[in-house]
Amino acid sequence: MPTPDRDGWTVETLHDDYAQALREDRILYDNKTDHQRLRVFENARFGRVLTLDGVVQTTEGDEFMYHEMLAHVPILAHGAAQRVLVIGGGDGGMAREVLRHQSVDHCTMVEIDAGVVDFSKEFLPALSDGVFDDPRLNLVIADGAAFMAEDHEKFDVIIVDSTDPIGPGEVLFTDTFYGHARRLLTADGILVTQNGVPFMQPDELRGTMRAFRALFPDHGCYLTHVPSYAGGPMALGWGAMSGKARAVDPVTLQGRYAAAGITTRYYTPEVHKAAFALPAYIAALLT
Ligand code: AG3
């Protein structure tokens with residue numbers, strides 16, 4: 001793995017043959033939690049940037065392209081989601097988007113690293129934007145894989161807001177984990193997952209899709225595009241207990257979006273439908 005060796009720049013350590021570098025205009029935090037190395041710095045283009053073990057997790061500038069698509073696509077496709085589970089997502093950005101839906105009356109968020117939550121509140125307050133004070137949020141500090149293996153009241157939507165499958169995030173990409181997710185979904189429930197950038201990490205998507213094929217009547221992925229996750233579009237896994245959610249027609253979707261009364265900067269009902277159109281090189285990873 002490359003090491004950050006350019007003075008004043010963070011060189012990402014995710015791939016061994018390619019790296020993006022971000023200029024550090026001001027370092028706000030650099031420390032190790034019990035689980036991982038946490039850094040936040042300011043970059044002129046992206047705003048505050050959060051890295052875990054040298055990998056960009058989120059930036060103030062483009063986080064909406066990720067959080068909106070992982071939250072609003074399943075919730076609006078479902079149409080009546082009341083209980084949502086977020087695995088990971090310690091920065092609070094995912095729970096924030098989920099709870100913008102007044103129709104969602106409960107969101108459990110399971111984060112392994114209390115350090116990420118505390119620290120994000122302080123250094124990335126725009127991400128959570130007050131969501132940690134929302135009475136509908138149930139924050140659980142625990143290992144997401146262990147939580148999934150237990151019994152819980154079922155969820156309409158489960159969102160896996162994980163790191164890549166290295167370090168503590170690895171268990172969130174296993175067949176066992178996905179099997180438990182399926183068990184915890186309601187009849188029309190939907191599981192969505194972050195599955196990396198397929199051009200750079202084809203195996204990450206391939207592995208999840210192989211597992212989803214065996215578990216979900218409707219399985220596949222849809223796309224978003226996040227500049228700080230370099231290398232092309234990012235794949236978001238989709239595993240649904242019925243085909244209803246994917247098939248939702250654009251007029252219905254438009255109605256639900258309007259009724260939700262939310263404003264978005266990436267998500268639109270048209271982008272939602274279009275996100276399921278896959279370039280052939282990505283579709284090939286699904287079979
Ligand atoms: N977690 C997803 C990080 C994935 C980075 N992967 C990549 N660059 N290929 C984001 C956490 C935000 N809540």
Side-chain angles (χ1 to χ4, degrees), residues 1-2 10-22 33 35-40 46-72 84-99 107 109-113 115-117 119-121 123-129 131-132 137 139 144 159-173 192-208 221 223-237 266 282 285:
M1 282 286 158
T10 283
V11 180
E12 196 174 40
T13 56
L14 184 57
H15 312 294
D16 56 16
D17 53 1
Y18 172 89
Q20 65 169 335
L22 291 155
T33 70
H35 297 273
Q36 47 210 337
R37 175 154 181 212
L38 216 59
R39 290 183 90 231
V40 173
F46 287 95
R48 292 188 180 187
V49 178
L50 168 66
T51 66
L52 295 182
D53 292 336
V55 180
V56 175
Q57 293 303 315
T58 200
T59 84
E60 284 180 340
D62 65 3
E63 55 89 10
F64 66 96
M65 309 185 189
Y66 174 84
H67 292 125
E68 288 185 9
M69 288 300 277
L70 266 175
H72 304 317
V84 177
L85 172 64
V86 176
I87 299 292
D91 53 67
M94 197 63 74
R96 176 201 74 206
E97 285 306 309
V98 166
L99 289 172
C107 177
M109 169 181 152
V110 185
E111 166 62 47
I112 192 169
D113 195 339
V116 175
V117 175
F119 146 95
S120 298
K121 281 190 207 168
F123 292 98
L124 297 163
L127 265 290
S128 50
D129 194 26
V131 79
F132 291 114
L137 182 71
L139 172 63
I159 302 172
V160 183
D161 181 12
S162 67
T163 60
D164 289 288
I166 24 179
E170 206 175 336
V171 287
L172 306 181
F173 289 81
V192 292
T193 56
Q194 91 75 13
N195 272 108
V197 169
F199 183 74
M200 306 301 287
Q201 302 153 295
D203 290 339
E204 191 169 319
L205 182 61
R206 212 183 261 127
T208 297
C221 73
L223 304 177
T224 186
H225 210 130
V226 187
S228 64
Y229 303 153
M234 169 173 252
L236 306 174
Y266 189 98
I282 297 177
L285 298 170

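Each ligand, and each atom within it, is numbered from 1 in the order the structure gives. We use all heavy atoms of the structure for the numbers below, so side chains are in, but hydrogens, waters and symmetry mates are not.
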* Asked: Under the salt bridge (charged side-chain N to carboxylate O under 4.0 Å, His left out) rule, what pairs show up with a residue in residues 85-96, not counting sequence neighbours?
  -> E63-R96

* **Nearest-contact summary for atom 4 (C) of ligand 1 - protein heavy atom, Å** => D164 OD2, 3.6 Å

* **Nearest protein heavy atom with distance in Å, relative to atom 9 (N) of ligand 1** => Q201 OE1, 3.0 Å

* Asked: Taking atom CZ of F199 as the centre, does the number of heavy atoms from other residues, nucleotides or ligands within less than 6.0 Å exceed 12?
  -> no

* Between N195 and T208, is any pair of side-chain heavy atoms under 4.5 Å apart? -> yes

* Structure fact -> among protein heavy atoms, the one nearest atom 3 (C) of ligand 1 is Q57 OE1, 3.4 Å

* To do: Before signing off on this row, confirm whether S162 and ligand 1 have an N or O atom pair separated by under 3.5 Å.
  => yes

* Short side-chain to backbone donor-acceptor contact, Y66 and Y229, under 3.5 Å -> no

* Closest approach of any protein heavy atom to atom 11 (C) of ligand 1, naming residue and atom -> D161 OD1, 3.2 Å

* Asked: Tell me, which protein residue and heavy-atom name are nearest atom 13 (N) of ligand 1, and how many Å apart are they?
  -> D91 OD2, 2.7 Å

* Considering all heavy atoms of both residues, which atom of A95 and which atom of L137 are nearest to each other, and what is their separation? -> CB-CD1, 4.0 Å

* Could you tell me whether V56 approaches ligand 1 through its side chain, its backbone, both or neither, with non-hydrogen atoms closer than 4.0 Å? => backbone

* Which residues pass the salt bridge (Lys or Arg N to Asp or Glu O under 4.0 Å) test with E68, sequence neighbours left out? -> none

* Asked: Hey, does H15 come in under 3.5 Å of ligand 1, counting only N/O atoms on both sides?
  -> no

* Does at least one non-hydrogen atom of H67 fall below 4.0 angstrom from an atom of ligand 1? -> yes

* Establish, from distance only, whether the side-chain atoms of R39 and T10 form a donor-acceptor pair under 3.5 Å. => yes

